[in-house]
Number of protein chains: 2
Amino acid sequence: MAKISFREQVLRVREDAIITSVNRLLAEKGFDSMTVDEVAADVGIAKASLYKHFASKEALAAAAMVRVLARTLEHMNTLTGRPELTPVQCLRSVTGWALQLQLAGEMPALPSQNSTLRATLVSDTAYLDRLNEVSEQMGAWIVAAQADGSIDDTLPPELVLYTLFARACDPVPGVMQASGQHTDERIIEWVLQTCFNGLRKS
Amino acid sequence: MAKISFREQVLRVREDAIITSVNRLLAEKGFDSMTVDEVAADVGIAKASLYKHFASKEALAAAAMVRVLARTLEHMNTLTGRPELTPVQCLRSVTGWALQLQLAGEMPALPSQNSTLRATLVSDTAYLDRLNEVSEQMGAWIVAAQADGSIDDTLPPELVLYTLFARACDPVPGVMQASGQHTDERIIEWVLQTCFNGLRKS
DNA sequence: GTCTATAGCCAGATAGAC
DNA sequence: GTCTATCTGGCTATAGAC
């Protein structure tokens with residue numbers, strides 16, 4: 001039993017290293033430009049070994065998405081335990097956390113057009129479950145924020161949800177960072193400000 | 001002379017048809033997923049004939065971008081002749097025009113990561129010139145709007161410019177449109193509202 | 001489970017006849 | 001300039017030895 005558990009731990013560590021490489025490469029080059037050869041080289045193992053762990057390139061990307069969603073949920077759970085935070089403050093915290101991830105080059109970017117990738121994702125329950133969980137919690141915060149007046153209640157909650165999701169992949173912070181004239185913190189603050197001011201009642 | 005001019009006209013019409021197909025396919029599938037075979041099939045000519053008009057797949061995309069930028073400039077020129085419009089109203093008009101284009105499936109989408117494409121674009125003066133012209137006019141409106149108080153003057157003008165550019169490629173309107181619950185006009189109005197409210201002084 | 005080597009495929013680009 | 005046919009390279013995925 002202990003032996004099996006140990007082997008499983010080794011397996012998980014190896015797979016975690018793979019996902020870390022995939023995550024970084026996805027953030028850097030995007031799904032289409034990322035090659036499996038690059039992933040293998042980055043991890044330091046042979047390409048064929050990769051396919052013993054993950055069935056396809058799409059499965060690699062899905063695993064990266066699952067991990068980032070799981071970490072997002074972890075961050076969200078640290079917020080639900082703090083009743084002094086208002087709903088909009090929670091939303092702002094999550095969005096800011098995602099922006100930090102993006103500026104650190106650790107936000108995997110998936111093209112919405114690629115059909116084979118979408119097919120893999122929509123049949124991946126681990127991915128769908130976590131995505132649903134994130135959406136549910138965000139949605140609850142959104143309607144609460146609309147009820148307390150900090151977000152315009154004439155906006156459809158889905159619009160607000162999609163808008164916040166979109167901010168996590170927005171090119172604007174990356175371009176501002178590339179100009180090199182501002183700190184990451186200030187860039188994030190500006191994006192959060194323009195985003196949440198826009199969602200307020202006008 | 002007339003003969004040459006006629007031939008040139010035929011050539012331009014054919015190339016215009018090519019660009020129209022490329023534009024639509026770029027909007028629909030993105031650069032990486034679009035294939036030159038598809039373009040040729042859509043235009044109704046052989047692939048080799050395409051390469052008599054454009055040197056590469058990247059050149060096709062660049063031509064599509066040049067045309068959309070040129071049309072954007074046309075729209076902007078209709079605004080500069082109307083002194084009753086405030087700077088922020090001009091910015092809003094241009095952004096709304098781009099959103100219309102996007103919801104009509106005619107906004108070509110280029111991945112910012114693809115390096116060969118970027119290399120072609122940065123050495124394409126027709127593209128760079130038009131991009132500069134758009135940026136200059138938008139920038140002038142932005143600083144004017146900051147001067148008259150309709151846009152927060154503590155925001156760097158580049159941030160505002162990039163934010164408006166980003167809205168033209170934002171996934172949010174497309175997702176909202178796909179839900180089928182709202183008209184294009186209402187979706188555009190919501191996006192413009194959340195965008196420009198966010199840029200106002202708070 | 002790891003490796004080397006390779007199969008199989010697809011897409012960008014071109015040759016050469018007309 | 002247009003076509004058919006083909007080349008070429010790169011990428012996903014796998015075979016098979018260890």
Side-chain angles (χ1 to χ4, degrees), chain A residues 3-19 21-22 25-26 28-64 110-111 113-121 124, chain B residues 3-19 21-22 25-26 28-64 110-111 113-121 124:
Chain A
K3 247 185 181 173
I4 290 176
S5 173
F6 176 72
R7 282 181 188 170
E8 278 177 3
Q9 271 201 4
V10 170
L11 196 77
R12 300 245 337 171
V13 167
R14 161 95 3 139
E15 292 192 349
D16 214 59
I18 294 172
I19 296 176
S21 288
V22 171
L25 288 168
L26 280 180
E28 184 183 322
K29 326 185 59 174
F31 179 77
D32 290 318
S33 299
M34 179 186 83
T35 70
V36 179
D37 289 87
E38 280 175 325
V39 177
D42 196 67
V43 178
I45 62 177
K47 180 163 58 168
S49 303
L50 266 188
Y51 280 94
K52 297 287 182 180
H53 293 277
F54 297 94
S56 66
K57 181 184 176 184
E58 285 76 18
L60 285 171
L110 305 186
Q113 301 110 341
N114 190 307
S115 56
T116 71
L117 178 56
R118 286 193 71 81
T120 300
L121 288 178
D124 185 327
Chain B
K3 248 186 181 174
I4 291 177
S5 174
F6 176 71
R7 280 180 190 172
E8 278 178 1
Q9 271 202 4
V10 169
L11 197 78
R12 301 246 333 171
V13 167
R14 163 88 13 133
E15 292 191 350
D16 213 61
I18 294 172
I19 296 176
S21 287
V22 170
L25 288 168
L26 280 181
E28 184 183 324
K29 325 185 60 171
F31 180 77
D32 290 318
S33 299
M34 179 186 82
T35 68
V36 179
D37 289 270
E38 279 175 326
V39 177
D42 196 68
V43 179
I45 62 176
K47 181 163 56 168
S49 303
L50 266 189
Y51 281 93
K52 297 287 182 179
H53 294 277
F54 298 93
S56 65
K57 181 184 177 183
E58 285 76 18
L60 284 170
L110 305 187
Q113 301 111 343
N114 191 305
S115 56
T116 70
L117 179 56
R118 287 192 70 82
T120 300
L121 288 178
D124 185 327

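It should be emphasised that the depicted structure is a prediction, and the values quoted were computed from it without experimental measurement. A note on names: the letters A, B, ... follow the listed sequences, proteins ahead of strands, and every chain is numbered from 1. Computed from heavy atoms alone, side chains included, the values below leave out hydrogens, waters and symmetry copies.
- In 5' to 3' order, the nucleotides of DNA chain D bounding all contacts with chain A (an atom under 4.0 Å from a heavy atom) are D:dC11 to D:dA15.
- Nearest heavy-atom pair across A:Ala64 and A:Val22 is CB-CG1, 4.0 Å.
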Any protein N or O atoms within reach of nucleotides 4-9 of chain C? Criterion: under 3.5 Å, listing atom names and distances.
none

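- Sorted by first and then second residue, the salt bridge (charged side-chain N to carboxylate O under 4.0 Å, His left out) pairs involving residues 31-51 of chain A (not counting sequence neighbours) are A:Arg24-A:Asp42, A:Lys29-A:Glu38, A:Asp37-A:Lys47.
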Checklist entry - Would B:Thr35 and B:Val39 satisfy side chain to side chain contact (heavy atoms under 4.5 Å, CB included), going step by step from the backbone distance to the final call? => result CA-CA 7 Å; B:Thr35 68; B:Val39 177; over 6 Å; no

Next on the checklist: Using side chain to side chain contact (heavy atoms under 4.5 Å, CB included), reason through A:Leu26 and A:Leu60 one step at a time and then give a plain yes or no.
Outcome noted: CA-CA 10 Å; A:Leu26 280 180; A:Leu60 285 171; over 6 Å; no

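- For DNA chain C, the neighbouring residues in residues 30-43 of chain B, judged by any heavy atom under 4.0 Å, are B:Met34, B:Thr35, B:Val36.
- The two residues A:Leu110 and A:Ala61 come nearest to each other via the heavy atoms CD2-CB, 4.2 Å.
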Next on the checklist: Run A:Val36 and A:Phe54 through side chain to side chain contact (heavy atoms under 4.5 Å, CB included) and show every step you take.
Outcome noted: CA-CA 11 Å; A:Val36 179; A:Phe54 297 94; over 6 Å; no

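- Residues A:Glu15 and A:Leu11 meet the side-chain proximity criterion, which asks for heavy atoms closer than 4.5 Å.
- Pairing each heavy atom of B:Ala46 with each of B:Ala40, the nearest pair is C-CB, 4.1 Å.
- Within the structure, no pair that satisfies the salt bridge (charged side-chain N to carboxylate O under 4.0 Å, His left out) test touches residues 48-63 of chain A, not counting sequence neighbours.
- Residues B:Asp16 and B:Ile18 form no side-chain contact, since every pair of their non-hydrogen atoms from C-beta on lies 4.5 Å or further apart.
- Counting non-hydrogen atoms under 4.0 angstrom, A:Lys52 reaches a base of the nucleic acid.
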